[in-house]
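Chain naming here is simple, since letters A, B, ... match the order of the sequence lines and numbering starts at 1 in each. Computed from a prediction, not measured in an experiment: that's the story for all the values here.
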Amino acid sequence: MAKDFSTREENYSKWYNDIVQKADLAENSAVRGCMVIKPYGYALWENMQAVLDKMFKDTGHSNAYFPIFIPKSFFSKEADHVEGFAKECAVVTHYRLKNDADGNGIVVDETAKLEEELIIRPTSETIIWDTYRNWIQSYRDLPILVNQWANVVRWEMRTRMFLRTAEFLWQEGHTAHATKEEAIIETKQMLDVYADFAEKFMAIPVLKGTKSENERFAGALETYCIEALMQDGKALQAGTSHFLGQNFAKAFDVKFTSKEGKLEHVWATSWGVSTRLVGALIMAHSDDNGLVLPPRLAPVQVAIVPIYKNKEQYNQVCEKAAKLKDMLQEKGIRVKLDDRDTHKPGWKFNEYEFKGVPLRIALGPRDIENNTVELARRDTLEKSIYQQADLVNKVEHLLEAIQDNLYQKALTFREEKTFKADSWDEFNTILDDKGGFIYAHWDGTAETEQKIKDETKATIRCIPLESKPEAGTCIYSGNPSKQRVVFARAY
RNA sequence: CGGGGUGUAGCGCAGCCCGGUAGCGCGCUUCGUUCGGGACGAAGAGGUCGGAGGUUCGAGUCCUCUCACCCCGACCA
């Protein structure tokens, strides 16, 4: 087979870019830092959206939509929040263009300057909390459980397809609660939703934890996160859920009268996942032959490739293939019958391989004669012959098996790449030789975390929720520590 | 914003040092033979060489300016 992919070994980031391009997921656009998500890549995102959207609704949330523009003054109302986002905001200053008097084409009409400049949302807390003020008077108005699917803009210096682009698609949930406890429960619930989604649908095991102060969302009291491990041993933050306390309620003066008749500030959460998850999916499962997709999210779960020598065989094979397709479709399986006469079977085999289609059916004259099909699975690259009568069962079973196998492989990989370090030397050796997650003691100070980051580029990915307290000494400072935290180099 | 690099056909590149008819591979079009893992042959189409100015009889090539993009750093889901 012609290899036109870089391998992970040779050049991991080139391998990643090759997959994005060859699998037809996305391409660079005319706008620096922004990408065009192509139909196949978007279909993948739509599948993710569909599953998440249902999970959000099943937990009582409703969708709404807030403006892309945020008045500049809103931003400065929450001090930490501005500080966190100020450096990467796109700003709208004018609202009109005109023909240049000197004939240099279209220019900004300087007379059309906005009274108040508008920020293109990097996230929507401010505009949403400014709106919630009017929605909330009484404890009877609470909770508010709203999600929005939207695009946001963060003016990044260095961008990478899906992982970090100037504009990206995401969902952001914004909830308002009468009590601190209720808000914390919501924050954790949504973290669990994300972890469930990652593990059951994306087939990626994730670590749940909280962020250190340095890594916390600007304006949050606590940031919960799920962290996934990529095949190059680097960590990827796959989702975050924030307990915002009363910070935004105070900044935007959102108060309610409690049952007891007291005026109190509302408690808030926000939570989000983005198209970055597509990047996570690519890097978690794909191999040197291209993309590998978990069946539950794959835009096409089964591709049928007819094989024939002439028009007569083409008709005969396609007729049979269409019947098989209908049978599978009736079971809710996403099937594509590729009856294009413009490409050869071998070409199609390769195409579906690098596009990560979980199962491929080849159907030819021999199969027509024997009532068989050839089934090839993308994850193991195994091919087997089955009776057509068994096809639906086999396909259903194999799709499940592939989903499980991908998860198990990713889990085994993560386990093999998870280490404990008890000294600074050991920490550095593991980081440079093996990568992965490193459980190590930390004295809990931002200074130490920063120094470790400066010296090694490793950051605290999370303080794991499920770890037990354990006395020890900080690997960097030697000061006492109460529990291990997870370090890694990250995307 | 610092440091490095690249702009030549849809894509990937050679040509530049040493100025003299704009090339190669892939892709594309047509025809024929093929079709169970990226087919082969033949014939075609496709370019203001990133832009502006200069040197020269002559510039893709030399000089000056300019623009764009990519990579490495600082920042980040």
Side-chain angles (χ1 to χ4, degrees), chain A residues 1-5 11 13-14 17-18 21-22 27-34 83-89 121-123 150-160 162-172 194 211 214-218 220 223 225-228 235-242 270-280 289-290 305-314 317 340-355 360-370 372-376 378 381 383 385 453-454 457 459 461 490-491:
Chain A
M1 182 199 313
K3 278 258 195 284
D4 37 17
F5 278 103
N11 186 340
S13 59
K14 187 160 191 300
N17 287 333
D18 284 352
Q21 196 210 78
K22 293 277 299 180
E27 64 188 33
N28 276 313
S29 70
V31 183
R32 179 193 163 83
C34 295
E83 205 189 314
F85 286 106
K87 284 168 286 182
E88 50 188 35
C89 285
R121 64 179 165 220
T123 179
N151 59 338
V152 287
V153 169
R154 297 181 186 175
W155 211 263
E156 300 289 350
M157 294 289 115
R158 301 271 292 105
T159 59
R160 294 194 67 186
F162 290 110
L163 298 175
R164 178 166 295 107
T165 46
E167 181 193 18
F168 58 94
L169 306 184
W170 77 347
Q171 59 69 217
E172 43 181 328
Y194 289 154
K211 285 291 185 189
N214 280 359
E215 301 277 323
R216 196 175 291 156
F217 176 75
T223 287
C225 63
I226 52 171
E227 291 285 326
L236 182 83
Q237 178 176 303
T240 49
S241 182
H242 314 290
S270 69
W271 28 274
V273 296
S274 72
T275 37
R276 172 177 249 206
L277 289 181
V278 176
N289 300 311
V305 178
I307 290 152
Y308 51 88
K309 286 199 201 315
N310 50 47
K311 190 71 190 167
E312 189 190 337
Q313 283 187 353
Y314 174 84
V317 170
R340 290 176 297 176
D341 190 31
T342 49
H343 297 273
K344 300 185 57 189
W347 193 93
K348 293 175 183 175
F349 289 173
N350 279 285
E351 182 180 28
Y352 293 117
E353 192 161 292
F354 61 62
K355 288 180 101 170
R360 185 192 69 227
I361 296 175
L363 188 75
R366 279 209 302 273
D367 298 302
I368 300 292
E369 207 169 306
N370 303 327
T372 56
V373 295
E374 180 193 83
L375 263 176
R378 177 61 184 87
L381 300 172
K383 289 193 278 196
I385 306 288
K453 183 179 176 180
D454 292 344
K457 289 183 181 168
T459 49
R461 299 322 303 156
Y491 278 98

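Separation of the C1' atoms belonging to C63(B) and A9(B) is 28 Å when rounded to the nearest angstrom. Nucleotides G15(B) and C62(B) have their C1' atoms positioned 15 Å apart, rounded to a whole Å. Taking atom P on both U48(B) and C31(B), the two are 28 Å apart, rounded to the nearest angstrom. Rounded to the nearest Å, the gap between the P atom of C11(B) and that of U55(B) is 34 Å. When the C1' atom is used for both G27(B) and U66(B), the distance is 33 Å, rounded to whole Å. Look at the P atom in both C26(B) and G20(B): the space between them is 27 Å, to the nearest Å. Between the P atoms of G50(B) and G10(B), the separation comes to 13 Å (whole Å). Distance check on atom P: G58(B) versus C1(B) gives 39 Å, rounded to whole Å.
Nucleic acid contact class of Leu236(A) (heavy atoms, under 4.0 Å, all strands): none. Among the heavy atoms of the strands, none lies under 4.0 Å from Arg160(A). Using a 4.0 Å heavy-atom criterion, one finds that Gln313(A) contacts no nucleic acid atom at all. Here Tyr491(A) lies out of heavy-atom contact (under 4.0 Å) with every strand. Arg366(A) comes within contact range of at least one nucleobase, with a heavy-atom separation under 4.0 Å. At a threshold of 4.0 angstrom between heavy atoms, the contacts of Asn28(A) with the nucleic acid are absent. Looking at heavy-atom distances under 4.0 Å, Thr459(A) makes no contact with the nucleic acid at all.
When each of Gly84(A) and Ala376(A) is assigned the nucleotide of RNA chain B bearing its nearest heavy atom, the one mapping closer to the 5' terminus is Ala376(A). Two residues, Glu167(A) and Gly364(A), neighbour RNA chain B, and the one matched to the more 5' nucleotide by heavy-atom proximity is Gly364(A).
In this structure, Arg154(A) CZ and Thr159(A) OG1 are separated by 15.0 Å, a value rounded to the nearest 0.5 Å. In this structure, CD1 on Ile368(A) lies 13.5 Å from OH on Tyr308(A), to the nearest 0.5 angstrom. We find the CZ-NZ distance between Arg378(A) and Lys355(A) to be 13.5 Å, quoted to the nearest 0.5 Å. Note that OG1 of Thr342(A) is 7.0 Å distant from NZ of Lys348(A), once rounded to the nearest 0.5 Å. The CD atom of Glu374(A) sits 10.5 Å away from atom CD1 of Ile361(A), with the distance rounded to the nearest 0.5 Å. Taking OG1 from Thr123(A) and NE2 from His242(A), the interatomic distance works out to 7.0 Å, rounded to the nearest 0.5 Å.
Nucleotide U21(B) forms a pair with no other nucleotide shown, judged by Watson-Crick or G-U wobble geometry with both contacts under 3.5 Å. The partner of A14(B) is absent, by the rule that a Watson-Crick or G-U pair needs both atom distances under 3.5 Å. Under the Watson-Crick or G-U wobble criterion, with both distances below 3.5 Å, G73(B) is paired with C1(B). The nucleotide A68(B) finds its pairing partner in U6(B), both defining distances of the Watson-Crick or G-U wobble pair being shorter than 3.5 Å. Base pairing of G37(B) is not made with any nucleotide, judged by Watson-Crick or G-U wobble geometry with both donor-acceptor distances under 3.5 Å. Pairing for A42(B) goes to U30(B), judged as Watson-Crick or G-U wobble with the two contacts each under 3.5 Å. The partner of C62(B), taking Watson-Crick or G-U wobble pairs whose two distances both stay under 3.5 Å, is G54(B). Pair assignment for U48(B) gives none, since no Watson-Crick or G-U wobble pairing has each distance under 3.5 Å.
The side chain of Lys22(A) sits closest to G38(B) out of A74(B), G38(B), A77(B). Of the listed nucleotides (G73(B), G36(B), G38(B)), G36(B) has the atom at the smallest distance from the side chain of Ile307(A). If you check G36(B), C1(B), A77(B) against the side chain of Phe168(A), the one that comes closest is A77(B). Here the side chain of Glu156(A) is nearest to one of G38(B), C35(B), A77(B), namely A77(B). The side chain of Gln237(A) has A77(B) as its nearest neighbour among A77(B), G36(B), C1(B). Comparing atom distances between the Ser274(A) side chain and each of A77(B), C70(B), G38(B) picks out A77(B) as nearest. Counting only heavy atoms from C-beta on, Lys457(A) has its side chain closest to G73(B) among G73(B), A77(B), G36(B). Checked against G36(B), G37(B), A77(B), the side chain of Glu374(A) finds its nearest nucleotide in G36(B). Out of G37(B), C35(B), G36(B), the shortest distance to the side chain of Glu353(A) is found at G37(B). Which of C35(B), G37(B), A77(B) sits closest to the side chain of Arg360(A) comes down to G37(B).
Residues that satisfy the side-chain hydrogen bond (donor to acceptor under 3.5 Å, both in side chains) test with Arg366(A), not counting sequence neighbours, are absent from this structure.
The nearest whole Å value for the distance from the CG atom in Asn370(A) to the P atom in G36(B) is 18 Å. A straight line from CD of Gln21(A) to C1' of G10(B) spans 12 Å, rounded to a whole angstrom. Rounded to whole Å, atom C1' of C69(B) lies 16 Å from atom CE of Met157(A). With rounding to whole Å, Asn151(A) atom CG is found 15 Å from A77(B) atom C1'. Atom pair His343(A):NE2 and C35(B):P shows a separation of 18 Å (rounding to whole Å applied).
Within a 6.0 Å sphere centred on CH2 of Trp170(A), heavy atoms belonging to other residues, nucleotides or ligands number more than 12.
With hydrogens and angles left out, the side chain of Glu351(A) and the base of G38(B) share no donor-acceptor pair within 3.5 Å. The base of G36(B) does not come close enough to the side chain of Lys383(A) for any donor and acceptor atom to sit less than 3.5 Å apart.
Taking 4.0 angstrom as the limit, Lys87(A) places none of its side-chain polar atoms (N or O) nearer than this to OP1 or OP2 of C75(B).
Of the charged side-chain nitrogens involved, at least one lies within less than 4.0 Å of a carboxylate oxygen, so that Glu227(A) and Lys211(A) count as a salt-bridged pair.
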